[in-house]
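The block underneath contains the structure these notes are about, expressed in structure tokens.
By convention here, the first residue in the shown sequence is residue 1.
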Amino acid sequence: MNTFNENEIACCIRKSIEAYLKDLDGERPCSIYEMVICSVEKPLFELAMEYAEGNQTKAAELLGINRNTLRNRLAKHQIK
């Protein structure tokens, strides 16, 4: 249970990771960090691009990153 103030996104991620770890049933987890980042990053960039109506400069500003970083992440996730 939360002992500090989390936003809704953090609560959802916490619950998902807790369920994932519980479902392992004793198996050893691996690369949880990469799994979580990839699971969150792709939809985040897709939605940012949609919100910015395909404008990379606006999407980068929305995300608080530079445009080159945005382009690299879009390519990584094969987002057009």
Side-chain angles (χ1 to χ4, degrees):
M1 178 162 228
N2 281 347
T3 57
F4 56 94
N5 190 12
E6 283 186 336
N7 65 34
E8 185 177 347
I9 295 169
C11 288
C12 289
I13 293 169
R14 177 181 296 279
K15 288 177 185 177
S16 294
I17 294 170
E18 286 173 346
Y20 171 77
L21 293 172
K22 184 178 179 183
D23 288 345
L24 287 174
D25 194 33
E27 292 293 319
R28 188 176 179 156
C30 62
S31 302
I32 294 174
Y33 176 82
E34 186 66 24
M35 176 188 71
V36 171
I37 297 305
C38 286
S39 296
V40 172
E41 194 173 58
K42 185 174 181 180
L44 174 64
F45 283 93
E46 288 173 336
L47 290 169
M49 287 299 293
E50 183 179 317
Y51 185 84
E53 298 176 337
N55 184 308
Q56 291 184 358
T57 300
K58 288 180 182 178
E61 289 173 3
L62 175 68
L63 293 166
I65 60 175
N66 69 49
R67 199 173 55 175
N68 287 334
T69 300
L70 175 68
R71 286 182 181 161
N72 289 335
R73 296 299 185 201
L74 294 176
K76 175 185 174 184
H77 294 292
Q78 300 177 336
I79 301 169
K80 296 182 180 194

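Distance check: Glu41 CD to Glu46 CD gives 11.0 Å after rounding to the nearest 0.5 Å. In this structure, Leu24 CG and Cys30 SG are separated by 9.0 Å, a value rounded to the nearest 0.5 Å. Annotation: the span from Ser31 atom OG to Ile37 atom CD1 amounts to 12.0 Å, rounded to 0.5 Å. Atoms CD1 and CD, on Ile13 and Glu18 in that order, are 12.0 Å from each other to the nearest 0.5 Å. Atom NZ of Lys58 and atom CD of Glu53 lie 6.5 Å apart (nearest 0.5 Å). In this structure, the separation between CE on Met49 and CG on Leu62 is 11.0 Å, given to the nearest 0.5 Å.
Linking ILVMFWY side-chain heavy atoms closer than 4.5 Å, directly or via other members, places Ile17 and Val40 in a single hydrophobic cluster. Residues Ile9 and Tyr20 are members of one and the same hydrophobic cluster, defined by side-chain heavy-atom contacts under 4.5 angstrom among Ile, Leu, Val, Met, Phe, Trp and Tyr.
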Requested in this report: Determine, step by step, whether Ile65 and Phe45 satisfy the side-chain contact (heavy atoms from CB on, under 4.5 Å) criterion, reporting the C-alpha distance in whole Å, the side-chain angles of both residues, the deciding distance to 0.1 Å, and the verdict.
Outcome: CA-CA 11 Å; Ile65 60 175; Phe45 283 93; 3.6 Å; yes

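Taking each heavy atom of Gln56 and Arg71 in turn, the nearest pair found is OE1-NE, 2.9 Å. Taking every heavy atom of both residues into account, Leu70 and Leu63 meet most closely at CD1-CD1, 3.9 Å. Smallest separation of non-hydrogen atoms from Ala59 and Ala48: CB-O, 3.9 Å. When all heavy atoms of Cys38 and Pro43 are compared, the pair lying nearest together is O-CD, 4.5 Å. When all heavy atoms are compared, the tightest approach of Thr69 to Asn66 is N-OD1, 2.7 Å.
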